[in-house]
Amino acid sequence: MSTELPVARFCTCCSLLCETGSEGDNFGASFCSRRNRELDAIRMWSEHRETLSSLSTWESTLDEAKARLAKTTDFLVTGRMRSVDTSRGALRIAQRHRAVLDPWESDAAFEGITAFQRVGAATVSLAEARDISELLIVVGGDPLMEDYPRLPAALSRGASIPVLLLGSWSHAGCKPWLDAGFDVLAIDTQISNIPRSLSEASAYASIAGWESKASQWLHRSGYTTVLWSMKHLNIEHGDLWYESMMGWVARENETRRVGALVWSDLESTFHQVCTWWTGFPGRIRFGEVRFGEVRFGEVRFGEGSVQYDPSRFTAQRWLDSHPTEQLTSSSSLILWIDDSFEDLPTALLESGHPCIAISPRAPRSDTSVLWLPSLPAGLGCDSELFRGDNAILVQGQDPYLIAHELPPTAQWLKGLIET
Amino acid sequence: MIVQLSQVRCCDGRVDSTQVRDLFLVDGLLADTVPRGSKVDSEYRLPGHVVLPGGIDIHTHIGGGKVNLARLLLPSRSVDSAIHQAPSKPWLAPLSCPVPNTWETGRRYIQMGYTTCFEPAMLPAGARHAHAEMRDTPWLDTGGYVLLGNERMLLQWIAQGAPQHLITDYVAWMIRSHAACAVKVVNAGGIDAFKFNQRHLDIDETHPIFEVSPRRILQVLSTAVSELGLAHPLHVHCSNLGKAGNIDSTLATIDALEGRRMHIAHAQYHCYGNDGPHGFSSAAHLLADRVNASNQMTIDVGQVLFGQTITLSADTMHQFENRKRANPRKTVFQDIECQAGCGALPFRYRQSQYVHSLQWAIGLELFLRINDPRKVFLTTDHPNGGPFTGYPHLIRLLMDYDFRMSIFEQLHPDVQKTSTLPQLKRQYTLDEIATATRSGPAAALGLSNRGTLRPGSLADVAVYRIDSDPESMFSNPAMVFRRGKLVYREGRFLEDSDKTTIVAEMRDRERAEDWSTSKEHQQLWRDRYGYSPSRTAIRRDELLSEGRLVEENQVHAS
């Protein structure tokens, strides 16, 4: 352990965590268009560093934030928490302040999580799918490719493997798969019907349509991977759809091998950390423990307790239960924690709630937000992030070390916790 | 900082535990006397107490992807009943979940007097995750065994007849770059064979793609472990886990290693015959005879305890085979990164069920038939046989024949008719318990500074009130010290001290460098995984972050 190992550098734009080459390479040449757009934004942001440094000192900003926290009795912790350290910090502060904790816009993720908790899963990781699959079935459409433009390349091992694209795919959506060398068949189909159609294809039950081709491919394939992202399904009752698909995967595995590659956003890092910290993936509320009063769905944690309810402890529900007209008389507060380089959500700003925002992006115009400017995860600071299949945790570092003088999100959180 | 434990019995399986003496904790280490010119900062007078080294769990699933999947699958549940019944003793409450969160894991281990635990199945790709979880598990020093023997790249090399030195270099790199302290092999080749839809792979069967058998994989890996001088021998999860008649393949696995050192993990699951009224019988005596006759073998038992748990294993092949036994009926299977897999099944062991009852009896048979407690270690293969919080109960089963029989009489009647357990009247002594839970695992892992009360060892000790009921005694130590600091006293948690990650010391450590610096190897890795080998490699500064220390266990003196 005495000699340092070489460190790979990864793009932390999406949960694919693509490698960007080694030092001395032309990094920019290997980025996808989405990453290049983000880098442009970061360059512009970097030019505004003078504005950032004209803010009052970090210490006084931190003190003000602590003072606001101290006055709060009703507390929501939310945001885009994408690294292990940020997630740990969010959990610590939520525990300290007996807060509700829910990542922002986590509905799609929780549809998958609650379905998983009901029926389980049979899954495959990215490198395994890349190496062993003889058939890929991809459910979704163009938005999946817009968010993960490198996914086909990441899944390609160079051989011409059949890929069945199900959902709503334009030529532009198919192109990355063709460019990666796959033998593509795109079918415009209702996503909600796919589990049934695949079951028919497995059973040779269909006599026509795309199911016939799918049936041939399925029966020839030694290992089939079926890929989707809950966020990109865009259907009602995604949890039931997940269950149906996992049911099909389970039945297939009775006689042949199939694995589901359920792709998640970088926010899945939070769900992982929250699970090992508390036993729950998120949507929790910390409270005080009183022996003899422990109820179902509640577990002792540290010096307190934590309750889990995926339908109750949501950020949206917290906002809905705190109407704006009552704000003047309440002592509620939102702590927004952001590892991304995206804007603060309009819905949050328009809610008018008092808010402390630890974020790389300045709130556009709102006096109720106390902004603690931070570095995004994997840019200028080391961050541990899970790949979208949750199989590996890597250290994200970026070759462009921008704005070192800003603290990372996790450091702000540490400062807020320290007394 | 000097702490004096006065008038206490000392027990580590080595010294005479009947004598009462004083023990000193001097700046984090144990001592027989106070250094000249120093004075004692705290003294605890402890007549009627016994002090043991901190417990060492050699095989417990406490970190990594499969553990977290299990938590997600069985979200924590109420701890209501026991708390309602005994609100003054919350430490006796059942776990909130068979796989509790990291905080509860650390808390419950320290409450039993355990201070060091080892995650036995750390997938290379998942090593950073496993270490991150273990870092968040308070009060425990931790280590992990890197899981090898099913990586497609390795199987291909073996099938191609690659020279041993190349494979040894690769093993060295895998250990070092994933901060492991030993090598574990799970169902050698079988996990990968299952990905190609092969549902069974016996010790001399061939993998469906690569011309390689489990026997060959085990030989190659154990040779690598031996050449590197790893303190802990190859940690083997044999083929055919849980299958009736699997004693044949277990004995064949022992033979395959041709006298090299080995550790058989959760041996209880690997010593079944196929006789008896249900075609399922105990073959514990056959395995015990082998262990008794060898100086090269150790085992941990993987004792079954009745109640709800979840079984977790990288052995997807056999977990899948048991899918219909899941209770509640939900399962998780994963095929992971061309390296291994994972299967998680909620499971309830019932006294009224023949096989479960027999498994309970077989585990105890192993404990009682293996004469030397330095060769048989106390585990439940947490959470597979049951949660680790059952250890005090298990200790009572071993120390108290009448108690053992009182449970035995409640088992399935066919087990009562056929089992030889009633004839095994041995009762473990306190010294033997100390050996099976402390000095034995420490010796097997090459941890010279743990598991013993020798002067100079780490001052990780647990003080128990001597009690005629060992279950009560081991459920609630009076005090637990880590590095000489009091961290637990009478149900209260005090200051935590530094956490240590234990990694392997190796001979020729540069071999690890040699492998990763080869352009050819980097390219092979990229071809297989789609990314460079450094992607999952862990740097020492990662482990050292936030006050963590790194300790290297010693090289085996062959």
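Every chain is numbered from 1 and lettered A, B, ... according to where its sequence line falls, protein lines coming before strand lines.
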Find the distance between [atom1] ([X]) and [atom2] ([Y]) and round it off to the nearest 0.5 Å.
X        : Y        : atom1 : atom2 : answer
B:Tyr529 : A:Arg157 : OH    : CZ    : 15.0 Å
A:Asn253 : B:Thr331 : CG    : OG1   : 9.5 Å
B:Trp103 : A:Trp277 : CH2   : CH2   : 11.0 Å
B:Ile538 : A:Gln395 : CD1   : CD    : 9.5 Å

Which heavy atom of [X] sits nearest to which heavy atom of [Y], and what is that distance?
X        : Y        : answer
A:Gly120 : B:Leu73  : CA-CD1, 3.8 Å
B:Pro75  : A:Gln117 : CG-NE2, 3.8 Å
A:Arg130 : B:Arg526 : NH2-O, 3.9 Å
B:Ile336 : A:Ala391 : CG2-CB, 4.4 Å

With a 4.5 angstrom heavy-atom cut-off, is it the side chain or the backbone of [X] that approaches chain A, or both, or neither?
X        : result
B:Leu123 : neither
B:Glu505 : neither
B:Lys66  : neither
B:Phe320 : side chain

Between [X] and chain B, with a heavy-atom cut-off of 4.5 Å, which part of the residue counts as in contact: side chain, backbone, both or neither?
X        : value
A:Glu134 : neither
A:Leu155 : neither
A:Val119 : backbone
A:Tyr223 : side chain

Just wondering, are more than 12 heavy atoms of other shown residues or ligands nearer than 6.0 Å to CZ in B:Arg323? yes
Any pair counted as salt bridge (Lys or Arg N to Asp or Glu O under 4.0 Å), so long as it reaches residues 327-336 of chain B, sequence neighbours left out: A:Arg257-B:Asp335
Test side chain to side chain donor-acceptor pair (under 3.5 Å) applied to A:Trp276 and B:Asn68, B:Thr137, B:Asp136, the passing residue: B:Asp136
One pair to check against side chain to side chain contact (heavy atoms under 4.5 Å, CB included): A:Ile132 and B:Phe196. What are the steps and the verdict? CA-CA 9 Å; A:Ile132 199 172; B:Phe196 294 94; 3.8 Å; yes
Scored by heavy-atom pairs under 4.5 Å with chain A, the best of B:Glu337, B:Gln334, B:Lys195, B:His129 is B:Glu337
For A:Asp131, give me all partners under side chain to side chain contact (heavy atoms under 4.5 Å, CB included), at least two apart in sequence or on another chain. B:Arg152, B:Cys338, B:Arg528
Step by step, work out the side chain to side chain contact (heavy atoms under 4.5 Å, CB included) result for B:Tyr531 and A:Ile392. CA-CA 12 Å; B:Tyr531 50 81; A:Ile392 64 171; 4.2 Å; yes
Largest heavy-atom contact set with chain B, pairs under 4.5 Å, which of A:Asn390, A:Val84, A:Leu126, A:Thr255: A:Thr255
Is the backbone of B:Ser532 close enough, under 3.5 Å, to the side chain of A:Glu19 for a donor and an acceptor to pair up by distance? yes
